[in-house]
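A short write-up of the structure that comes next.
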Amino acid sequence: MNMRPASHLGSVVRLLGGIFVILLVSLGIFYYMMKPPMSDLSYMAQFLAITALISAMAGYAAYRFRWLERAPTLRWSLLGGYALASLLTFLNVWITARLMFASPHDLLLGTILLLFAGGIAMVLGYFLSSAISERIWLLDQAAKQIQSGNLSVRVQVSGNDEVAGLARTFNQMAAQLQEAETKQHALETLRHDLVVWAGHDLRTPLAGIRVLVEALADGMIDDPATSHRYLEQARKQIDHLSLLIDDLFQVSQLDAGGIPLNLEPASLADLISDTLENFSGMAAQLHIALSGRAAPGIDPVTMDVQRIGRVLNNLVDNALRYSQAGGSVSVQAEVAAEAVRVTVQDSGEGISSTDLPHVFDRFYRGEKSRNQATGGTGLGLAIAKGIVEAHGGQIGVESNLGQGARFYFCLPKKG
């Protein structure tokens, strides 16, 4: 969008209005101070009107033909404005003195004084214009830094004039560009991680399924028991692949602007009970004690039951995977002011201080080998975070090495 300056007609009206006001004020002062006869007042009004008209025409010509814009720098443009104003002042006063002064000596003296005053005005104007031109020069240099890719550059804001406002706007623009670059870099990193993730986690179950199916299709397996075992392994790989694709779908929903929620008052206690029942077999197989309880009066909670169920599943599954045989995992829910707080505590090895700030990052796993037996896709906790925040809640973790981990999330009791 092209920005246009103020209208041409508006500028002309302001010029004529200002000159007219000064003409009236000057005549008023002349009449009040000198009490002249009406003939002299009329003569003075005619003279001032003529000189005012000449000044208006000169000023309009400079504006209309953009004489000042042809200067190589703003400093020279301002100096040109001072020179024009000084010249018009000199002509107005000199012509008045020429008509009114009887003594040539006084006229010469007045001329010298006018030249001196005009010169002083131009020098001071040039000097004071340096402050403006230097601030604009700094803005120009900062803009060139932005152009070269340095988005961290900022300009110092001083004063409250238009240049200061421009500097503030420039800094805001630079900050937004830097933030956009950071987001773009994060997006590029995410895309790279997605390629790596897809190249490993998706390819592994597909390769396993292919080997099993080819073995069965080639007739290499004659034993029915072995065939059944191969089919069962293939089914597990398909289930794992389905989980990976589901996680990827959930992430795409988060990137698209949030997960759609079906909020309704529901029983969090029942949801926790169902989650514990679903993982009871896995806990028994791993020899881990799984328990949980919800505080009385915690229900109802306004939530998307399916989504919060996914959060609980991710947290409990994560706790069981990183707990050792003979350990324990507990799920507790309690009322906290106008919210509910759900805690999943495990007795595993804990999380190091290096990994702790990143556990909710996408594709991040403290277990670097990405072993499917000990870790998931690296998306489960990120998805849980997105779901909880979509409910207007918060999620976090507390842990020390050797002392297990405590994951928690809070939800508003009423949406």
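Computation of the quantities below employed the complete heavy-atom set of this structure, encompassing side-chain atoms and omitting hydrogens, waters and symmetry-equivalent molecules.
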Work out which heavy atom in Leu151 is nearest to a heavy atom in Leu177; give both atom names and the distance. CD1-O, 3.6 Å

Between CG on residue Leu268 and OG1 on residue Thr302, distance to nearest 0.5 Å: 11.5 Å

From CA spacing to verdict: side-chain hydrogen bond (donor to acceptor under 3.5 Å, both in side chains), Arg154, Gln172: CA-CA 9 Å; Arg154 300 293 184 272; Gln172 293 172 0; over 6 Å; no

Can you tell me if Asp346 uses its side chain to pair, donor with acceptor, with the backbone of Ala405 under 3.5 Å? yes

Can you tell me how far the CZ atom of Arg310 sits from the OG1 atom of Thr275, to the nearest 0.5 Å? 12.5 Å

Min side-chain heavy-atom separation Asn150-Val153 under 4.5 Å: yes

Go through Asp270 and Ser273 one step at a time and tell me if the side-chain hydrogen bond (donor to acceptor under 3.5 Å, both in side chains) criterion holds. CA-CA 5 Å; Asp270 289 346; Ser273 178; over 6 Å; no

Decide if atom CD of Gln306 counts as having more than 12 heavy atoms of other residues, nucleotides or ligands within a radius under 6.0 Å. no

Approximate separation, where rounding is to 0.5 Å, of Ser152 OG and Ile146 CD1: 8.0 Å

Using side-chain heavy atoms (C-beta onward) and a distance below 4.5 Å, is Val342 in contact with Gln332? no

Would you say the side-chain atoms of Ser347 pair up with the backbone N or O of Gly327, donor to acceptor, closer than 3.5 Å? no

Excluding sequence neighbours, so at least two apart, what forms side chain to side chain contact (heavy atoms under 4.5 Å, CB included) with Pro296? Arg293

For Ala283 and Leu290 the tightest heavy-atom approach is CB-CB, 3.8 Å

Flag, side chain of Ser280 to backbone of Glu277, donor-acceptor distance under 3.5 Å: yes

Apply side chain to side chain contact (heavy atoms under 4.5 Å, CB included) to Leu138 and Gln156, showing your working. CA-CA 9 Å; Leu138 290 175; Gln156 182 178 358; over 6 Å; no

I need the minimum non-hydrogen distance between Leu411 and Val388, along with the two atoms involved. CD2-CG1, 4.3 Å

Shortest non-hydrogen contact from Pro412 toward Gly392: CG-O, 3.9 Å

So Met282 and Arg321, do their side chains get closer than 4.5 Å, heavy atoms only? yes

To the nearest 0.5 angstrom, please state how far the CD atom of Gln324 sits from the NE2 atom of His287. 13.5 Å

Interatomic spacing from CG in Leu401 to OG in Ser353 - rounded to 0.5 Å: 7.0 Å

Check whether more than 12 heavy atoms from other residues, nucleotides or ligands sit under 6.0 Å from atom CD of Gln178, and answer yes or no. yes

With Arg406 via salt bridge (charged side-chain N to carboxylate O under 4.0 Å, His left out) - residues at least two apart: Glu398

Would you indicate whether the side-chain heavy atoms of Asn314 and Phe407 approach each other to under 4.5 Å? no

Please say whether more than 12 non-hydrogen atoms of neighbouring residues, nucleotides or ligands are located less than 6.0 Å from CD in Gln141. yes

If you compare all heavy atoms of Ala333 against all heavy atoms of Ile272, which two are closest, and at what distance to 0.1 Å? CB-CD1, 3.5 Å

Does the Asp304 side chain pair with the main chain of Arg307, one donor and one acceptor, at a distance under 3.5 Å? yes

Is there a side chain to side chain contact (heavy atoms under 4.5 Å, CB included) between His391 and Ile308 once you walk through the steps? CA-CA 9 Å; His391 280 75; Ile308 297 302; 3.7 Å; yes

Dump the intermediate steps for side chain to side chain contact (heavy atoms under 4.5 Å, CB included) on Tyr408 and Val397, then the final yes or no. CA-CA 6 Å; Tyr408 63 88; Val397 59; 5.7 Å; no

Would you indicate whether the side-chain heavy atoms of Phe279 and Asp317 approach each other to under 4.5 Å? yes

Show the nearest heavy-atom pair for residues Asn171 and Val157, with the distance to one decimal. ND2-CG2, 3.6 Å

Looking only at atom types and distance, does a side-chain atom of Ser323 sit under 3.5 Å from a main-chain N or O of Ala319, one as donor and one as acceptor? yes

Quick one: CG on Asp140 to CZ on Phe170, what's the gap to the nearest 0.5 Å? 9.5 Å

By salt bridge (charged side-chain N to carboxylate O under 4.0 Å, His left out) - contacts of Glu389 (at least two apart): Lys385

Tell me if a side-chain donor or acceptor on Ser148 pairs with a main-chain N or O of Gln145 at a distance below 3.5 Å. yes

Cation-pi check, Arg341 to Phe409: give yes when NZ or CZ is under 6.0 Å from the six-membered ring centre and within 45° of the ring axis, no otherwise. no

Quick one, Thr343 with Val331, criterion side chain to side chain contact (heavy atoms under 4.5 Å, CB included). Give me CA distance, side-chain angles, the key distance, then yes/no. CA-CA 6 Å; Thr343 304; Val331 181; over 6 Å; no

Between Ser399 (side chain only) and Gly404 (backbone N and O only), is there a donor and an acceptor less than 3.5 Å apart? yes

Main chain of Asp274, side chain of Asn278: is a donor-acceptor contact present, judged purely on distance under 3.5 Å? yes

